[in-house]
Protein chains: 2
Amino acid sequence: MRAVYSCGLEATFDVIGGKWKCLILWRLHPDARRFGELKRLVTGITEKMLIQQLREMEADGLVRRQAYPEIPPRVEYSLTPMGISLKELLGPLCEWGSKYIEQMGGQHLCEDAETQTQCVPG
Amino acid sequence: MRAVYSCGLEATFDVIGGKWKCLILWRLHPDARRFGELKRLVTGITEKMLIQQLREMEADGLVRRQAYPEIPPRVEYSLTPMGISLKELLGPLCEWGSKYIEQMGGQHLCEDAETQTQCVPG
DNA sequence: CAGGATCCGGGCCGATACTG
DNA sequence: CAGTATCGGCCCGGATCCTG
């Protein structure tokens with residue numbers, strides 16, 4: 001988060017901008033997820049990027065991290081109420097994107113996109 | 001625009017991601033804008049970034065460029081129906097951002113943000 | 001299992017100067 | 001007025017290896 005914004009949109013994009021954060025947001029609701037689980041769900045992300053994005057989202061108050069003192073270690077990530085409220089807004093944007101891809105001509109959505117239900121709000 | 005997306009959201013962010021595009025989107029509707037006018041409205045942007053973003057948005061089918069063969073030259077930029085439909089979705093995101101800034105503690109919105117009406121859909 | 005540390009390239013983005 | 005051209009910093013994001 002920055003210091004000064006001239007528009008709420010800047011803040012929103014600051015918080016979920018970049019390549020990964022909105023995809024992570026999808027996966028953390030309604031069920032909490034473990035680190036490894038999340039890594040499998042967010043296709044293509046590296047551990048470095050995942051932990052980095054999670055830490056930023058935690059600092060921004062969107063994500064809660066719950067560590068259990070066990071062996072082997074277990075950590076669960078979930079959305080805060082603020083995170084949930086934001087995730088709820090992304091549905092229309094996702095639908096717009098799908099329609100856009102379609103109109104722009106073609107088979108740009110990969111086949112398993114539907115079965116992965118990445119865009120279906122939980 | 002890329003080749004393959006696993007989710008409509010990726011496409012949406014591809015199209016309005018980055019620092020400037022959503023701010024430009026605000027300013028191109030409902031009234032068309034000239035280049036210089038736009039440059040003044042989008043505070044802080046350089047000519048290079050402005051023309052670069054406009055070209056990308058034009059290639060993505062969000063923006064229409066209309067050049068008039070006059071001296072001195074005149075060029076007007078406006079939103080396509082697709083661009084308008086996207087802009088319409090950004091309102092809630094902007095409100096979320098403003099509320100977020102407020103809750104996160106403070107005076108992060110610069111004073112003239114309100115008077116600039118950057119977040120008020122035209 | 002859940003990370004940490006390090007190296008590295010590409011491109012986003014800005015500054016500056018110039019043009020038809 | 002509406003751009004072009006060039007230079008360069010920074011940091012996003014990936015690859016790889018390592019640890020409690």
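Quantities reported herein were computed from a predicted structural model and do not represent experimental measurements. Below, chains carry the letters A, B, ... as their sequence lines are ordered, and counting in each starts from 1.
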Whole-Å distance separating the CG atom of A:L54 from the C1' atom of C:dG3: 11 Å
C:dC1 C1' sits how many Å from A:L50 CG, rounded? 13 Å
Calculate the interatomic distance between B:L23 atom CG and C:dC12 atom P; express it in whole Å. 17 Å
Whole Å only: how far is the CD1 atom of B:I71 from the P atom of C:dG20? 13 Å
Atom pair distance, as rounded to whole Å: CD in A:Q52 and C1' in C:dT6: 13 Å
For A:P73 and for A:M49, locate the closest nucleotide of DNA chain D by heavy-atom distance; then report the residue assigned to the nucleotide nearer the 5' terminus. A:M49
Taking any atom under 4.0 angstrom from a heavy atom of chain A, which nucleotides of DNA chain D are the first and last to qualify, 5' to 3'? D:dG13 to D:dG20
Once ring-ring contact (aromatic ring centres under 6.0 Å, His included) is applied, do any residues pair with A:W96, and if so which ones, sequence neighbours excluded? A:Y100
For A:R74, salt bridge (Lys or Arg N to Asp or Glu O under 4.0 Å) partners two or more places apart: A:E70, A:E76
Restricting to side chain to side chain donor-acceptor pair (under 3.5 Å), what partner residues turn up for B:E58, sequence neighbours left out? none
Starting from P on C:dC13, measure out to CD on A:E10 and report it in whole angstrom. 13 Å
What's touching nucleotides 15-18 of chain C from the protein side, N or O pairs under 3.5 Å?
none

Rounded to the nearest Å, what distance is computed from the CZ atom of residue A:R55 to the C1' atom of nucleotide C:dA5? 14 Å
Please name the pair of heavy atoms, one in A:R64 and one in A:T80, separated by the smallest distance, quoted to 0.1 Å. N-CG2, 4.1 Å
With the side chain counted from C-beta on, respond yes when B:L54 and B:L28 share a heavy-atom pair under 4.5 Å apart, and no when they do not. yes
Side chain to side chain donor-acceptor pair (under 3.5 Å) partners for B:R34, two or more places apart: none
Side-chain N,O (A:R65) to OP1/OP2 (C:dG3) below 4.0 Å: yes
Those residues that, when tested against B:Q52, pass side chain to side chain donor-acceptor pair (under 3.5 Å) (two or more places apart): none
Residue set satisfying salt bridge (Lys or Arg N to Asp or Glu O under 4.0 Å) with B:E88, at least two apart, ordered chain then number -> none
Using a heavy-atom cut-off of 4.0 Å across all strands, would you classify B:Y68 as base, sugar-phosphate, or nothing? nothing
Could you tell me the separation between the CG atom of A:L38 and the P atom of C:dG3, rounded to a whole number of Å? 10 Å
Check side chain to side chain contact (heavy atoms under 4.5 Å, CB included) between A:A59 and all other residues, then give those that pass, not counting sequence neighbours. none
